[in-house]
Amino acid sequence: MNSPTKNRLHWHELPAHVRAAVEAILDDRVVAAESQPGGFSPGTADRVRTARGGRAFVKAVSPAQNQHTPTMHRAEARIAAALPPAAPTPRLLGSHDDGEWIALVYADVEGRHPVTPWDAGELAVVLSTLETMAATLTPAPTVATTTAAEALGHDFAGWRRLADDPPADLDPWARDHLAELCAAADRGLAALGGDTLCHLDVRADNLLLGPDGRVTVVDWPWACRGPTWLDTLLTVVNVQVYGGHDPDALLDSRPLTARVDPADLTGVLAGLTGFFLDGARRPPPPGIPTVRAFQRLQADALLPWLTRRLNP
């Protein structure tokens with residue numbers, strides 16, 4: 001399961017000047033805050049209510065929690081400010097950045113995460129939303145200067161790092177096919193061209209299903225320019241992690257992935273699997289103790305699927 005960070009900050013633990021800056025963005029005093037589960041950031045993730053009854057979602061972090069998370073929040077602030085109104089994303093109300101603390105303030109979105117294992121009806125609505133989102137976000141806003149190949153280049157070299165230093169528990173089939181896996185990941189990286197703004201981290205806990213059936217895609221720090229089908233593939237990856245569906249049938253049934261060369265899809269899957277396997281064996285990042293277990297969970301779910309695709 002998606003294990004949330006266990007040591008997340010809460011609204012009342014933020015420095016007074018950060019809380020004051022958020023209240024200035026909201027033009028009202030915060031009188032209640034409820035920390036939200038899910039995700040891995042060690043910073044705050046609070047739904048807040050103001051004195052006049054307004055609602056918002058606030059997340060804030062400093063390098064004291066994790067040295068890399070403020071950079072992610074700054075990237076998300078730039079992307080979120082450039083998202084068009086038609087995109088199924090929350091509206092950024094404002095941000096605060098004092099060089100140490102950065103806070104993002106969004107309009108509150110009523111909703112819940114999709115159930116896992118994924119429900120077929122909810123999955124269909126999510127995939128349809130992602131297809132519409134890809135059309136809306138093509139071409140990508142000019143603020144998105146990073147390409148998917150640049151964003152994933154290091155990650156997709158995971159099989160090479162595994163080949164250089166194979167862990168004792170590496171799957172025997174993978175151990176015997178490391179050269180093929182490296183080549184597949186290279187092909188996947190080469191297939192990531194495109195001018196669609198891709199979320200790059202679509203999972204159940206980054207999606208909200210509203211009471212009206214609408215889907216909202218949240219948390220955009222990794223957004224980059226890539227192919228229209230990438231977020232659809234990443235969603236099917238998340239579906240495979242929880243089981244209950246045929247991932248190949250899903251890819252064949254969706255308009256964006258059905259017309260992609262299957263070897264390119266397999267290559268991206270190979271790159272992701274190598275990244276998860278390589279990452280899972282490393283010490284957890286400061287403030288994010290549960291992410292390695294989730295990487296291992298994903299690797300264990302994806303490797304059998306990858307093996308089938310490489311050996312039809």
Side-chain angles (χ1 to χ4, degrees), residues 1-6 8 34-41 44-47 55-57 59 76 87-90 106-134 198-223 229-258 265 268-269 272-273 276 280 288-306 308:
M1 66 177 58
N2 288 2
S3 300
T5 181
K6 302 301 183 184
R8 172 168 286 163
E34 181 180 357
S35 184
Q36 301 301 294
F40 297 94
S41 171
T44 64
D46 289 290
R47 298 176 88 163
R55 295 183 179 275
F57 174 76
K59 58 183 183 180
E76 182 175 356
T89 60
Y106 285 98
D108 188 41
V109 176
E110 184 179 0
R112 60 169 177 82
H113 300 308
V115 298
T116 51
W118 280 74
D119 169 81
E122 293 181 359
L123 176 59
V125 172
V126 166
L127 292 175
S128 293
T129 298
L130 294 178
E131 290 154 8
T132 302
M133 184 176 79
C198 301
H199 181 280
L200 205 63
D201 196 25
V202 184
R203 311 184 305 246
D205 63 329
N206 281 335
L207 298 163
L208 292 175
L209 300 177
D212 59 357
R214 293 185 183 182
V215 177
T216 302
V217 186
V218 303
D219 289 345
W220 286 79
W222 304 110
W229 46 265
L230 182 54
D231 283 338
T232 296
L233 175 59
L234 293 172
T235 304
V236 175
V237 163
N238 191 247
V239 172
Q240 172 66 9
V241 168
Y242 295 105
H245 298 268
D246 180 341
D248 292 313
L250 286 172
L251 294 177
D252 291 343
S253 70
R254 306 309 304 188
L256 294 184
T257 48
L265 297 176
V268 175
L269 179 61
L272 293 169
T273 306
F276 292 138
I288 315 177
T290 61
V291 69
R292 299 310 187 199
F294 186 49
Q295 288 177 328
R296 185 63 195 225
L297 176 71
Q298 294 176 98
D300 289 345
L302 296 187
L303 186 57
W305 179 23
L306 175 61
R308 293 195 304 271

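Considering all non-hydrogen atoms of both residues, Q240 and L302 come closest at CG-CD2, 4.0 Å. Here the closest heavy-atom approach between residue H113 and residue L207 is recorded as ND1-O, 2.9 Å. Shortest non-hydrogen contact noted between L200 and W222 is CD2-O, 3.5 Å.
A donor-acceptor pair under 3.5 Å links the side-chain atoms of D46 to the main chain of S35, judged by distance alone. A donor-acceptor contact shorter than 3.5 Å links the side chain of W220 to the backbone of V217. Not one N or O on the side chain of H245 forms a donor-acceptor pair closer than 3.5 Å with the backbone of L250. Side chain of R55 to backbone of V109: no donor-acceptor contact under 3.5 angstrom is found. For T132 (side chain) and S128 (main-chain N/O), a donor-acceptor pair under 3.5 Å exists by modelled atom type. A donor-acceptor pair is defined here as one N or O able to donate and one able to accept, closer than 3.5 Å; such a pair exists between the side chain of N238 and the backbone of A204.
Atoms CG and NE2, on L230 and H199 in that order, are 11.5 Å from each other to the nearest 0.5 Å.
Taking the six-membered ring for Trp and thresholds of 30 and 60 degrees, Y106 and F57 have ring planes inclined between 30 and 60 degrees apart.
Residue pairs meeting the salt bridge (charged side-chain N to carboxylate O under 4.0 Å, His left out) criterion with at least one partner in residues 122-133, sequence neighbours excluded, are R112-E122, E131-R254. Annotation: salt bridge (charged side-chain N to carboxylate O under 4.0 Å, His left out) contacts involving residues 290-303, sequence neighbours excluded, comprise D169-R296, R296-D300.
Side-chain contact check for W305 and D248: at least one donor-acceptor pair (N or O, by modelled atom type) lies under 3.5 Å.
Summarising the local packing, CZ of R214 is surrounded by 12 or fewer heavy atoms from other residues, nucleotides or ligands at distances under 6.0 Å.
None of L127, D201, V202 except one satisfies the side chain to side chain contact (heavy atoms under 4.5 Å, CB included) rule with D231; the exception is V202.
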